[in-house]
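As the structure is a prediction and not an experimental result, all values here were calculated from the model.
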Amino acid sequence: MSDVLQVSHIVKKFGQATVLQDISFTIEAGEVFGFLGPNGAGKSTTIRTILGLLQPTSGQIKLLGQDITAHVVQTHQQLAYVPGDVFLWPNLTGGEIIDLLLRMGGHPRTKRVEELIKKFELDPRKKAHTYSKGNRQKVAIIAALSADVPFYIFDEPTSGLDPLQERHFQEEIVQLKAAGKTVLLSSHILSEVEKLVDRVAIIRAGQIIEIGTLADMQHHAALNVKATVDMPALFENYAQYQAFGHEVQFTADRQQLATVMQQLQQAGVTDVQITPPTLEDIFMQYYNAEDGGQHA
C-alpha cells in the first residue's frame, strides 16, 4: 500500500515548552488509524499541525506526497475534518452550514447529504445557536461524510452523541474503509476505536510510545485471568490482583502462563477464563509502565 499521510520527526514548541517531541508515523491508503492518549498528551496539537493550523517547529508532514505546510489549500481539498468541539455560525441553519462547508471545500451537494441528515436525525432548519453540543457535532460529521475525499480526520467526533448516533458513526467509518478511504480517528471511547482501527498509535507527554496492530499489542501485553479457586491468596503477588470470596482476577505475562496454570491446579481451580487484553487494558498497561505503576 502507498502512504497517504507521512508525519516525519515533528517537533512543536510554544516558547520554551516542547509539546511534541519527534513525532513520526505513517498512515497507509485504506487504513483506519487510531490515535490515542489522554487530555494533554498532544493528540489535538498533532492533528492541528497535520491540518496546517499550527506550524511545526521542525519536521515534515506530507499528504498524498505534498508538503502540507507548503500546499495548505491543495491538501485541504483532499481531506475532511471533524473536531471534538464544533463552533458554528449562530444565525445560520444547520442545513445552510453543511452547504457552506461543502462549498468551502469545493465539494458538490449530493443526495448523500439528505441521507446522512435522516440517519443522524438532524433538523437542518433550526438555527445553529439553538443546537445542543451533540447536534453541532452532527452538522460537522454530516458535512465531512458528505465530502468525497481520500482522507478523513476525526478528533473525538462522537463527543455529545447518544449511543445510537455513535453506532451510526461507526457504521459510516466501516463504509469509508470499504470504499478504500483512509481515516485518522482519535477517540476517548476505546471500545469504539477497538472495533474500527487497523493500527493504533499511543501518545504520552508529546511522544509516541507505541505503534502497532491491536493483535501485535495484545501479544505483548498481559493476559487477563479470572478463576474460581479454593486458595485465592496464592495469587496475591500478581498484578491487578482482586479477590471476591473464592473468585480471583489478575493479569499475567504470557511467559508466566505455565506457572499460572500450575498454581491454579495447586489452588484447587474449579473454573477459569484467560482472555487477551482489550484496547483499554493495553492503553492502561502502557501508561502505568511509563508512570512507574501509577495510573495516568
Side-chain angles (χ1 to χ4, degrees), residues 32-54 72 76-149 151-176 181-193 195-197:
V32 179
F33 188 86
F35 195 43
L36 305 180
N39 291 338
K43 299 190 307 298
S44 293
T45 300
T46 302
I47 288 171
R48 289 173 186 145
T49 305
I50 291 170
L51 289 166
L53 302 176
L54 294 174
V72 175
H76 269 248
Q77 291 173 343
Q78 303 300 313
L79 63 83
Y81 166 58
V82 177
D85 203 352
V86 175
F87 296 91
L88 304 175
W89 294 271
N91 291 320
L92 295 181
T93 67
E96 290 170 339
I97 293 170
I98 291 169
D99 289 343
L100 177 59
L101 291 172
L102 287 171
R103 287 200 302 272
M104 289 172 65
H107 309 297
R109 181 188 174 103
T110 66
K111 64 178 183 179
R112 177 94 168 115
V113 174
E114 296 304 325
E115 291 171 355
L116 289 166
I117 286 173
K118 183 176 180 181
K119 183 171 188 174
F120 284 95
E121 299 179 341
L122 176 74
D123 186 343
R125 300 164 297 179
K126 288 186 175 180
K127 300 279 190 180
H129 67 82
T130 69
Y131 280 153
S132 64
K133 175 174 173 54
N135 280 324
R136 294 197 301 271
Q137 292 299 126
K138 289 179 187 180
V139 170
I141 288 170
I142 291 167
L145 293 173
S146 297
D148 186 11
V149 293
F151 186 45
Y152 296 80
I153 300 177
F154 298 106
D155 185 8
E156 305 287 357
T158 59
S159 176
L161 297 188
D162 63 40
L164 176 61
Q165 305 303 332
E166 286 179 11
R167 190 164 65 217
H168 289 332
F169 174 77
Q170 293 168 14
E171 291 168 356
E172 292 298 325
I173 296 298
V174 171
Q175 291 183 27
L176 288 177
K181 306 296 186 179
T182 306
V183 177
L184 170 60
L185 173 62
S186 172
S187 175
H188 67 282
I189 306 173
L190 298 186
S191 59
E192 176 178 80
V193 177
K195 294 174 185 175
L196 299 172
V197 301

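- The shortest non-hydrogen separation linking Ser187 to Val193 is CB-CG2, 3.7 Å.
- Listed here is the closest heavy atom pair of Ala80 and Ala147: CB-CB, 4.5 Å.
- For the pairing with Phe154, the ring pair (Phe, Tyr, Trp, His ring centres under 6.0 Å) check across Phe33, Tyr81, Phe169 returns one residue only, Phe169.
- Taking the side chain as every heavy atom from C-beta outward, Glu114 and Lys118 never approach each other to under 4.5 Å.
- Looking at heavy atoms from C-beta onward, Asn39 lies out of side-chain contact with Ser44 at the 4.5 angstrom threshold.
- By the 4.5 Å heavy-atom criterion applied to side chains, Lys195 and Val174 are not counted as neighbours.
- Closest non-hydrogen pair, Ser186 versus Asp155, comes out as OG-OD1, 3.5 Å.
- Between the side chain of Thr130 and the backbone N or O of Lys127, at least one donor-acceptor pair lies under 3.5 Å.
- Arg48 contributes no side-chain N or O that, together with a main-chain N or O of Leu54, makes up a donor-acceptor pair within less than 3.5 Å.
- Scanning both residues, Ile142 and Val113, for their nearest heavy atoms gives CG2-O, 4.2 Å.
- The backbone N or O of Leu161 lies less than 3.5 Å from no partner atom in the side chain of Thr158, so there is not a single donor-acceptor pair.
- Two residues are said to be in side-chain contact when any heavy atoms from C-beta on lie closer than 4.5 Å; Phe120 and Leu145 meet this criterion.
- Side-chain atoms of Gln137 come within 3.5 Å of backbone N or O of Val86 as a donor-acceptor pair.
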Should Arg136 and Tyr131 be marked as a side-chain contact (heavy atoms from CB on, under 4.5 Å) after you check the CA-CA gap, both sets of side-chain angles, and the distance that decides it? CA-CA 6 Å; Arg136 294 197 301 271; Tyr131 280 153; 3.9 Å; yes
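- A distance of 9.5 Å separates CG of Leu185 from CD of Gln170, quoted to the nearest 0.5 Å.
- Considering only heavy atoms from C-beta on, Leu51 comes within 4.5 Å of Leu79 through its side chain.
- Across Ser146 and Arg112, no two heavy atoms sit closer than the pair CA-CG, 4.1 Å.
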Apply side-chain contact (heavy atoms from CB on, under 4.5 Å) to Phe151 and Leu184, showing your working. CA-CA 8 Å; Phe151 186 45; Leu184 170 60; 4.0 Å; yes
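- A distance of 12.0 Å separates CG in Leu101 from CD in Glu96, rounded to the nearest 0.5 Å.
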I'd like to know whether Asp99 forms a side-chain contact (heavy atoms from CB on, under 4.5 Å) with Arg103, so could you lay out the CA-CA distance, the side-chain angles of the two residues, the decisive distance to 0.1 Å, and finally the verdict. CA-CA 6 Å; Asp99 289 343; Arg103 287 200 302 272; 3.7 Å; yes
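- For the pair Pro108 and Leu102, the tightest heavy-atom approach, listed with the atom from each and the gap, is O-CD1, 4.3 Å.
- Counting only heavy atoms from C-beta outward, the side chains of Ile98 and Leu116 never approach each other to under 4.5 Å.
- Here the side chains of Lys181 and Asp148 are in contact, with some heavy-atom distance below 4.5 Å.
- Ionic pairing of Lys133 and Glu156 is not present here: no N-O contact between side-chain nitrogen and carboxylate oxygen is shorter than 4.0 angstrom.
- The shortest side-chain heavy-atom distance between Glu172 and Lys119 falls under the 4.5 Å cut-off.
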